[in-house]
Amino acid sequence: MIESQFSKLISGTMSWGAWGKNFNFYEMQRLIENTVDLGITSFDHADIYGGYTLESAFGDAFSRTDISRSAVQFISKCGIQLTGSNRPNTVKHYDCSKAYIISSAEASLKHLKTEYLDALLIHRPSPLMDPNEVMEAVHQLKKEGKIINFGVSNFTPSQVDLLSKEAAVDVNQIEFSAVQHQALFDGSLDQMLTHKIIPMAWAPLGHIFSLETTPQKKRVLEVLEGLSTTYNASSDQLLLAWILKHPSGVHPVIGTTNLKRIEASVGAVSIALTTEDWFRILEASQGYEVP
Ligand SMILES: NC(=O)c1ccc[n+]([C@@H]2O[C@H](COP(=O)([O-])OP(=O)(O)OC[C@H]3O[C@@H](n4cnc5c(N)ncnc54)[C@H](OP(=O)(O)O)[C@@H]3O)[C@@H](O)[C@H]2O)c1
């Protein structure tokens, strides 16, 4: 298992603000306190969340808690340029230039009211990304103590290789779940194990509870419902336990803001799926047994 300074479960903040629950200052403060009380000390951000507004709202709420900055870890991401009222952009695009990475990281520090980020990730690989420029930005930010770890998100193994030659890649945050399990077979998780890159999984529940149903989701849910008595666990807990069984030590980035579900997620960490049940879930997801 890859060594990591992040809590086993990471709290994803994407839907806390304008892109979802629209929590007010006090609700956000309480959610941060409750989450940390449950042992989830790492928070996943991106400059774009809430249309570039969430980091600042979170920073205000966090600064009103009694939680020490050293007791938590802040992850943020940069590189996506959205259109909309907070940016003059005329088309959505990616910007991985040195100047943009540095200015975005500095804006995240200001909004989150912190001196440093525990990790800064490039949110999406840009076809125009120049590894040298990224490296120069990362080296400067690290030298100035503004970031502790550097990482990427949604990068394929070859895209990680491209950057690894220039700067150490400490984290890769990918979509990974029992429903979306490509990372098991495309070399992503192999690469993370080989090079001790900390794996983080977004959408760890595979959108299984969204309104849109598919034959794949139905098959997986059916198997999970069958296993729920055996493990005395809910379907969402079993989905997290499935991820947690991978030997790389993947950190699920959980998106729920519901306290009961956050508590249940913490309970998932102590569920040990048998190898057969792990493959039973994989088989349901793939729709066929392994060769
Ligand atoms: N790096 C990237 O490109 C990227 C992309 C997307 C997301 N992320 C990060 O990953 C985090 C998590 O992503 P996600 O929100 O897709 O994750 P998720 O944890 O897979 O899904 C959370 C959603 O599932 C619902 N849910 C959870 N348990 C449920 C249950 N038992 N029954 C019904 N609904 C249930 C939640 O609703 P309630 O809130 O009502 O419980 C919430 O809407 C984000 O916050 C963000 O930080 C990163």
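Note that the coordinates shown come from a computational prediction; the quantities given were computed from them, not determined experimentally.
- The hydrophobic cluster containing I254 also contains I243, counting ILVMFWY residues as joined when their side-chain heavy atoms lie under 4.5 angstrom apart, directly or transitively.
- A pairwise comparison of heavy atoms in V250 and A201 identifies CG1-CB, 3.6 Å as the closest pair.
- The structure places CG of L109 at 9.5 Å from CD1 of I147, a figure rounded to the nearest 0.5 Å.
- Side chains of D47 and S108: no donor on one and acceptor on the other come within 3.5 Å.
- A side-chain donor-acceptor contact under 3.5 Å links Y52 to the backbone of L82.
- Between K142 and D170 there is a salt bridge, since a side-chain N of the basic residue sits under 4.0 Å from a carboxylate O of the acidic one.
- Between T41 and Q73, the side chains place a donor N or O and an acceptor N or O closer than 3.5 Å (distance only, hydrogens not considered).
- V152 places none of its side-chain heavy atoms less than 4.5 Å from the side chain of L121.
- Checking side-chain atoms of Q237 against main-chain N and O of A264 turns up a donor-acceptor pair under 3.5 Å.
- Note that OG1 of T257 and NZ of K21 are 3.5 Å apart. Values are rounded to the nearest 0.5 Å.
- A heavy-atom distance below 4.5 Å is found between the side chains of F209 and D236.
- Among residues two or more places apart in sequence or in another chain, the side chain to side chain donor-acceptor pair (under 3.5 Å) test is passed with D190 by none.
- Q5 places a side-chain heavy atom less than 4.5 Å from the side chain of N149.
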Begin from the C-alpha positions of W19 and M14 and carry the test side chain to side chain contact (heavy atoms under 4.5 Å, CB included) through to its verdict. CA-CA 7 Å; W19 283 3; M14 186 174 71; 3.8 Å; yes

For the pair S228 and E225, evaluate side-chain hydrogen bond (donor to acceptor under 3.5 Å, both in side chains) and give the outcome as yes or no after the intermediate values. CA-CA 5 Å; S228 67; E225 276 153 25; over 6 Å; no

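- Grouping the Ile, Leu, Val, Met, Phe, Trp and Tyr side chains by contacts below 4.5 angstrom, directly or via other members, places F23 with L259.
- Residues passing the side-chain contact (heavy atoms from CB on, under 4.5 Å) test with Q286, sequence neighbours excluded: H181, F185, L282, Y288, V290.
- Connection of I148 to I101 is not established within any shared hydrophobic cluster, with ILVMFWY side chains joined at heavy-atom distances below 4.5 Å, either directly or through further cluster members.
- For W242, the ring-ring contact (aromatic ring centres under 6.0 Å, His included) partners at least two apart in sequence or on another chain are F176, W278.
- Residues S188 and D186 have side chains that bring a donor and an acceptor to within less than 3.5 angstrom of each other.
- Atom CD1 of residue I102 and atom CG of residue L120 lie 10.5 Å apart, to the nearest 0.5 angstrom.
- In this structure, the side chains of Q29 and D60 stay at 4.5 Å or more apart for every pair of heavy atoms.
- V253 approaches G12 most closely through the heavy-atom pair CG1-CA, 3.8 Å.
- Atom CZ of F43 is separated from atom CD1 of I10 by 11.0 Å, given to the nearest 0.5 angstrom.
- Side-chain contact between H207 and E175 is present, with heavy atoms from C-beta onward closer than 4.5 Å.
- Considering every non-hydrogen atom in both S248 and M1, the closest pair reads O-CG, 4.0 Å.
- No side-chain heavy atom of L117 sits less than 4.5 Å from a side-chain heavy atom of I75.
- With sequence neighbours excluded, no residue forms a side chain to side chain donor-acceptor pair (under 3.5 Å) with E133.
- In terms of heavy-atom proximity, C96 sits nearest to M129 at CB-CG, 4.0 Å.
- At least one cation-pi condition fails for R124 and F155: the charged atom is not both under 6.0 angstrom from the six-membered ring centre and inside a 45 degree cone around its axis.
- Applying the salt bridge (charged side-chain N to carboxylate O under 4.0 Å, His left out) test to K146 and every residue at least two apart in sequence or in another chain returns E106, E144.
- No donor-acceptor distance shorter than 3.5 angstrom exists from the side chain of N154 to the backbone of P125, with no hydrogens or angles considered.
- With a 6.0 Å radius and a threshold of 12 heavy atoms from other residues, nucleotides or ligands, K218 has its NZ atom at or below the threshold.
- Atom CD of E276 and atom CD of E283 lie 10.5 Å apart (nearest 0.5 Å).
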After noting the C-alpha distance and the side-chain angles of K98 and D130, does the key distance pass the salt bridge (Lys or Arg N to Asp or Glu O under 4.0 Å) rule? CA-CA 9 Å; K98 177 182 176 185; D130 175 347; over 6 Å; no

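- Residues L163 and F150 meet the side-chain proximity criterion, which asks for heavy atoms closer than 4.5 Å.
- Side-chain contact of R219 with S285: a donor-acceptor pair under 3.5 Å is absent, judged by distance alone.
- For T53 (side chain) and G50 (main-chain N/O), a donor-acceptor pair under 3.5 Å exists by modelled atom type.
- Stacking of R64 on the aromatic ring of F25 is not recorded, the 6.0 Å distance cut-off and the 45° axial limit not both being met.
- The same ILVMFWY cluster, assembled from side-chain heavy atoms under 4.5 Å apart, contains both L9 and V72.
- For H93 (side chain) and V91 (main-chain N/O), a donor-acceptor pair under 3.5 Å exists by modelled atom type.
- In this structure, the side chain of S153 does not engage the main chain of I122 through any donor-acceptor pair within 3.5 Å.
- Between the side chains of S76 and E55, at least one donor N or O sits under 3.5 Å from an acceptor N or O.
- Within a 6.0 Å radius of CG in N232, other residues, nucleotides and ligands contribute 12 heavy atoms or fewer.
- Remark: the Q180 side chain and the S177 side chain contain no N/O donor-acceptor pair separated by less than 3.5 Å.
- Hydrophobic clustering of Ile, Leu, Val, Met, Phe, Trp and Tyr side chains at less than 4.5 Å, counting indirect connections, unites V36 with M28.
- For H251 (side chain) and K8 (main-chain N/O), a donor-acceptor pair under 3.5 Å exists by modelled atom type.
- With sequence neighbours left out, the ring-ring contact (aromatic ring centres under 6.0 Å, His included) criterion links H45 to F58.
- Atoms CZ and OG, on F6 and S42 in that order, are 6.0 Å from each other to the nearest 0.5 Å.
- Scanning all heavy atoms of the two residues, the minimum distance from S11 to W16 falls at OG-CZ2, 3.5 Å.
- Remark: the backbone N or O of K92 is not paired with any side-chain donor or acceptor of N89 at under 3.5 angstrom.
- Contact check for M192 versus I198: no side-chain heavy atoms found under the 4.5 Å cut-off.
- The nearest pair of heavy atoms linking I80 to I48 is O-CG2, 3.5 Å.
- Atom CD of E222 sits in a sparse spot, with 12 or fewer heavy atoms from other residues, nucleotides or ligands closer than 6.0 Å.
- Although no hydrogens or angles enter the test, the distance criterion places a donor-acceptor pair under 3.5 Å between the side chain of T214 and the main chain of K217.
- Panel note: side chain R280, backbone T275; no donor-acceptor pair is recorded below 3.5 Å.
- Side-chain atoms of D277 and T274 include a donor-acceptor pair closer than 3.5 Å.
- K77 and D44 are joined by a salt bridge, as a carboxylate oxygen and a charged side-chain nitrogen come within less than 4.0 angstrom of each other.
- No side-chain donor-acceptor contact under 3.5 Å links Q191 and N172.
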